[in-house]
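Structure record follows, encoded as structure tokens.
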Amino acid sequence: MSLTQPTTRLMSSHKLKEGQSKGFFIENINLFIVRYQGTVVAYVNSCPHRKVPLEWVPDQFLDYDKQFIHCATHGALFTIEDGLCISGPCNRQSLQQLLVEERHGDIYCTLP
Ligand code: FES
């Protein structure tokens with residue numbers, strides 16, 4: 001096993017369907033994952049604008065069309081693939097991305 005392999009198990013892979021997101025609070029880290037185009041991405045759940053959690057409704061991190069990550073507080077939009085803000089008060093800033101991996105039917109991430 002490589003030293004950089006994510007070791008924190010989040011959930012079973014099959015429970016995160018395409019276009020779904022899910023939040024976690026582990027070891028005082030607020031994070032979320034999204035499955036998008038078959039791949040899972042993970043971010044720290046903190047808007048770069050005001051450092052507040054992105055969601056108002058539990059596990060709802062995407063916009064209506066499920067094309068962007070959405071900050072519910074002021075409406076900023078972030079690309080799902082790399083967490084870059086493309087609209088809103090934190091334009092051109094990014095969410096903190098976490099290393100994530102699916103293996104043996106589970107999703108793992110590396111905590112910051
Ligand atoms: S706190 Fe997210 S856009 Fe203002």
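Atoms within each ligand, like the ligands themselves, are counted from 1 in listed order. Note that this is a predicted model, so its numbers are computed, not measured.
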For a quick test of your reading: what N or O donor-acceptor pairs under 3.5 Å do the side chains of residues 43-52 make, sequence neighbours left out?
| from | atom 1 | to | atom 2 | distance (Å) |
| --- | --- | --- | --- | --- |
| Tyr43 | OH | Ile80 | O | 2.8 |
| Tyr43 | OH | Glu81 | O | 3.3 |
| Tyr43 | OH | Asp82 | N | 3.2 |
| Tyr43 | OH | Gly83 | N | 2.9 |
| Asn45 | OD1 | Leu54 | N | 2.7 |
| Asn45 | ND2 | Asn30 | OD1 | 3.4 |
| Asn45 | ND2 | Glu55 | OE1 | 2.9 |
| His49 | ND1 | His74 | ND1 | 3.4 |

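- With a 4.5 Å cut-off on side-chain heavy atoms, Cys90 and Phe78 count as touching.
- Residues Phe68 and Ile86 are in side-chain contact: their nearest non-hydrogen atoms beyond the backbone lie under 4.5 Å apart.
- Taking the ring axis of Tyr64 as reference, the NZ or CZ atom of Lys66 does not stay both within 45° of it and closer than 6.0 Å to the ring centre.
- The side-chain contact (heavy atoms from CB on, under 4.5 Å) test with Asp106 is passed by exactly one of His14, Arg9, Glu101: Arg9.
- For a distance threshold of 2.8 Å, the protein N, O or S atoms nearer than that to atom 2 (Fe) of ligand 1, listed by chain and number, are Cys47 SG, Cys71 SG.
- Heavy-atom minimum distance, Val100 versus Val41: CG1-CA, 3.9 Å.
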